[in-house]
Amino acid sequence: MSRTITFNELRRLKDSLPDGSMHKIADKLNVTVQTVRNYFGGANYDMGRNCGVHIEPGPDGGIVVLDDSTIYDMAIDILKEANGEKE
């Protein structure tokens, strides 16, 4: 399912993730860590692949359309789990 958010929202999510989250997501999906980083706005396509992230200029860093929200949803789940452990 596609999802539309701002680029800054996507970066805030990435920056909020606990250490090791990129590796955890990559391992579960059997993709490279760089592919997960590219999903969150990276641009190293020599080491990773494109994940269906489309960025258009606009307010708040631009508009991002995620063709597949699997990585986004996994990141949200990891963040919820991390916050639940702290409470």
Side-chain angles (χ1 to χ4, degrees):
M1 181 171 152
S2 70
R3 177 181 300 265
T4 302
I5 60 173
T6 68
F7 182 76
N8 289 343
E9 286 176 298
L10 186 65
R11 294 300 288 188
R12 276 193 294 274
L13 173 60
K14 178 207 163 268
D15 293 341
S16 299
L17 291 172
D19 290 341
S21 297
M22 298 285 180
H23 290 276
K24 185 176 181 179
I25 292 170
D27 289 345
K28 283 186 178 180
L29 296 177
N30 197 29
V31 297
T32 65
V33 175
Q34 189 58 49
T35 297
V36 177
R37 288 186 181 125
N38 289 348
Y39 188 88
F40 286 104
N44 183 343
Y45 299 108
D46 292 333
M47 300 293 293
R49 61 183 174 85
N50 184 332
C51 294
V53 175
H54 310 281
I55 302 172
E56 297 290 331
D60 206 16
I63 302 300
V64 178
V65 177
L66 307 170
D67 289 344
D68 183 347
S69 65
T70 301
I71 293 174
Y72 179 90
D73 295 336
M74 290 176 78
I76 293 291
D77 290 343
I78 289 170
L79 196 56
K80 285 179 183 177
E81 182 180 308
N83 288 337
E85 292 173 358
K86 291 179 183 178
E87 293 177 358

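Side chains are part of it too, since the values below use all heavy atoms of this structure and drop only hydrogens, waters and symmetry mates.
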remark   = Between I71 and F40, the two heavy atoms sitting closest are CG2-CE1, 3.8 Å
inquiry  = Measuring from atom OG1 of T32 to atom NE2 of H23, what distance do you get when rounded to the nearest 0.5 angstrom?
reply    = 10.5 Å
query = So, for S16 and L79, which heavy atoms are closest and what is the spacing to 0.1 Å?
reply = O-CD1, 3.3 Å
remark   = CG of D77 to NZ of K24, rounded to nearest 0.5 Å, is 9.5 Å
key: Least distance between heavy atoms, V33 atom then M22 atom   = CG1-CB, 4.0 Å
task = Only counting residues at least two apart or in another chain, list the ones meeting side chain to side chain donor-acceptor pair (under 3.5 Å) with D60.
result = T6, N8
remark   = For R3, the side chain to side chain donor-acceptor pair (under 3.5 Å) test, sequence neighbours excluded, returns D73
Side-chain donor or acceptor of S69 paired with backbone N/O of Y72 under 3.5 Å = no
query = Any side-chain heavy atom of I76 within less than 4.5 Å of one from K80?
reply = yes
query = To the nearest 0.5 Å, how far apart are CD1 in I5 and CD1 in I63?
reply = 9.5 Å
remark   = CD1 of I25 to CZ of R37, rounded to nearest 0.5 Å, is 11.5 Å
ask   = Does some side-chain heavy atom of L10 sit less than 4.5 Å from a side-chain heavy atom of K14?
value = no
note = Taken to the nearest 0.5 Å, the spacing of N83 CG from I78 CD1 works out to 12.0 Å
task = Treat each ILVMFWY residue as a node, draw an edge where side-chain heavy atoms are under 4.5 Å apart, and state whether V65 and L13 are in one component.
result = no
